[in-house]
Protein chains: 2
Amino acid sequence: MDQGESGPTIADLIRAHFNEFKPAERKIANHLLGNYPMAGLTSITELSAACQVSTPTVMRTLGRIGFTSFTRFQKALKQELAETLSDPIAKHGLWATGTPREHVLNRAAEAVVANLRDTMNHISYDSFNQVVELLCDPGRAVHLVGGRITHAFSDYLATHLEVIRRGVRQLPASAGLWPHHLLDMAADDVLLVFDVRRYELDLQGLARVAADKGVEVVLFTDQWLSPIAEYAGHSFPVHTEAASGWDSGVATLFLIEALVTAVESRLWDGASERMNELERIFDRTGRFRRLKE
Amino acid sequence: MDQGESGPTIADLIRAHFNEFKPAERKIANHLLGNYPMAGLTSITELSAACQVSTPTVMRTLGRIGFTSFTRFQKALKQELAETLSDPIAKHGLWATGTPREHVLNRAAEAVVANLRDTMNHISYDSFNQVVELLCDPGRAVHLVGGRITHAFSDYLATHLEVIRRGVRQLPASAGLWPHHLLDMAADDVLLVFDVRRYELDLQGLARVAADKGVEVVLFTDQWLSPIAEYAGHSFPVHTEAASGWDSGVATLFLIEALVTAVESRLWDGASERMNELERIFDRTGRFRRLKE
DNA sequence: TTTATGATGTAAAGTTTTTTACACAACGAA
DNA sequence: TTCGTTGTGTAAAAAACTTTACATCATAAA
């Protein structure tokens with residue numbers, strides 16, 4: 001794709017040629033500039049109708065500013081719009097200064113930001129808010145479970161949630177112990193499940209049984225959706241695939257942290273007391289360095 | 001013109017119906033969301049080609065979210081775009097389209113990208129390469145250990161390294177068992193330590209003893225540097241602080257994944273064989289869903 | 001007034017899209 | 001296996017759009 005073409009905009013072109021235009025052509029120019037750029041995104045038919053001129057007049061107008069066909073004009077306009085809309089992050093150039101662009105670090109950074117953006121576009125704002133609500137409800141215990149790879153994420157989320165609220169239970173890594181744990185789940189409890197390819201049958205079974213018991217299942221999965229989505233009240237499809245075939249958990253972790261942050265600020269009153277108490281306990285164990293300030 | 005129509009955006013509709021979509025239809029949904037909204041402004045022909053599906057599939061996809069014709073869909077999208085463009089506060093460069101800028105998701109995304117950039121600027125390219133070398137050396141066993149919060153990261157890294165090479169040992173979470181493990185560390189082994197505030201005394205002790213034995217210590221810490229940096233051959237100061245006082249592990253995870261990727265491609269010949277074997281074992285256990293394609 | 005010229009529209013031809021109808025292949029259940 | 005179902009694509013019909021050729025109208029100079 002030929003990038004970087006940052007010459008004059010189409011609006012500039014129209015303004016520059018304005019005095020060459022005949023009266024009927026000026027109607028078009030005015031309409032185009034007055035409803036820029038959307039007016040140019042309709043068909044030439046509609047455009048001419050909106051200006052009360054004929055289609056050939058539109059053609060001649062565009063011909064004057066250098067476009068030999070309406071199609072090409074519209075393509076250019078779309079590209080211009082796309083560049084305007086494209087987010088500022090993408091253009092930040094090289095990341096790790098002084099390292100070659102091809103270095104893993106740079107390639108990975110670009111891939112990860114792309115993942116993040118895709119994930120953001122796929123996540124439902126409503127789902128996010130509703131899950132936050134669920135996690136803030138002290139009446140619901142929260143159970144977490146992950147698969148072979150995602151286990152670490154459920155661990156991380158559990159560690160953070162425990163600091164904020166009570167009733168957080170992380171299921172053991174081995175599926176054999178899950179039935180035992182299922183006994184402890186009550187209807188209206190929340191089960192956070194992490195499942196990415198390859199999807200694990202044990203997890204699916206667990207989620208189904210839990211859902212049958214009336215447990216609210218929240219699923220963190222990849223863009224291909226684990227079959228557990230079927231039983232889940234909310235699903236977060238996180239984009240994991242980076243270029244050249246390796247998967248990244250960065251977007252998943254990002255989502256986890258966003259959730260923790262949201263829950264924490266929502267429960268602030270209770271949570272801050274709980275956190276202070278935790279600090280005191282840490283101080284007493286003497287296992288941590290005393291903070292400087 | 002019916003103005004003020006601020007119902008669900010088309011992106012919302014797509015997200016809401018995402019799990020009803022068939023595989024081919026998801027390609028379209030992903031493409032539409034991934035290049036939103038410009039991807040929807042081409043002809044149905046180009047759109048289908050870009051997704052490598054047929055035009056009728058596009059029609060069916062749009063049908064599912066309530067549009068009975070492609071034309072009507074595109075009209076709606078244009079109107080949405082027009083409203084966005086005329087509303088100065090709205091989107092431009094926003095990530096999660098349709099969510100207010102102040103929403104946790106957007107604030108967190110911005111913070112995380114900033115962290116990533118800071119981290120990239122502080123990491124030594126040489127250190128990175130040298131650590132990759134260490135991890136690729138089959139003669140050195142690799143030990144991993146983390147603290148209360150970072151434990152999940154060491155877990156994640158261990159899980160991935162195990163797939164690639166042999167001799168990967170994750171230390172248990174409880175410090176009481178570490179002395180026992182220290183017996184197994186040989187000079188020239190590698191110890192990967194994760195330590196962020198609050199720095200843990202037990203970890204420091206462990207790292208010191210290991211360093212004394214001639215173990216190569218590699219430290220993942222935050223920008224304030226754990227005291228372990230003293231004994232470490234290589235330190236990665238990862239930026240963890242996001243605005244408003246919460247810490248993020250995203251940059252840490254990013255670094256971990258970059259390392260794994262580098263090691264994997266460096267050891268490709270051996271690693272791919274090992275990974276294939278793992279696949280076969282998984283197939284035999286029957287615990288995983290068989291992949292479609 | 002006539003005539004030439006420029007401005008604009010009409011209508012039809014050519015092209016591309018959209019839409020529909022139907023066929024084929026993959027898959028799961030009987 | 002066989003059969004029905006479901007997912008998806010092919011291809012042709014229908015519609016819309018773009019472009020061209022040419023006609024008409026208005027204006028101004030002779």
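Quick note on labels: first sequence line is chain A, next is B, and so on, each numbered from 1.
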(message) Using a 3.5 Å distance criterion without hydrogens, assess whether the side chain of B:Glu80 forms a donor-acceptor pair with backbone atoms of B:Ile10.
(response) yes
Donor on one side chain, acceptor on other, [X] and [Y], under 3.5 Å:
X	Y	value
B:Asn106	A:Tyr125	no
A:Thr57	A:Glu25	no
A:Glu200	A:Gln204	no

Could you tell me the separation between the [atom1] atom of [X] and the [atom2] atom of [N], rounded to a whole number of Å?
X	N	atom1	atom2	answer
A:Lys75	C:dT16	NZ	P	11 Å
A:Gln52	C:dG9	CD	P	10 Å
B:Phe70	C:dT20	CZ	C1'	17 Å
B:Lys22	D:dT6	NZ	C1'	8 Å
B:Lys27	D:dG7	NZ	C1'	12 Å
A:Ile44	C:dG14	CD1	C1'	15 Å
A:Arg64	C:dA7	CZ	C1'	10 Å
B:Met59	D:dT10	CE	C1'	16 Å

(request) Ignoring the backbone of A:Pro56, work out which of D:dT8, D:dA21, C:dT17 is nearest its side chain. (result) D:dA21
(request) Please tell me which of B:Gln74 and B:Arg60 maps to the more 5' nucleotide of DNA chain C, matching each residue to the nucleotide holding its nearest heavy atom. (result) B:Gln74
(message) Just to be sure I understand the rule, does A:Ser43 reach a base, reach only the sugar-phosphate, or reach nothing, if contact means heavy atoms closer than 4.0 Å?
(response) sugar-phosphate
(message) Categorize A:Ser69 for me: base, sugar-phosphate, or nothing, with a 4.0 angstrom heavy-atom threshold over every strand shown.
(response) sugar-phosphate
(message) Please report the interatomic distance NE2(A:His122) to CG(A:Asp118), rounded to the nearest 0.5 Å.
(response) 6.5 Å
(request) Output yes when at least one side-chain N/O atom of A:Thr71 is less than 4.0 Å from OP1 or OP2 of D:dT19, else no. (result) yes
(message) Check the phosphate of C:dG9 against A:Thr57, side-chain N and O only, distance under 4.0 Å to OP1 or OP2. Yes or no?
(response) yes
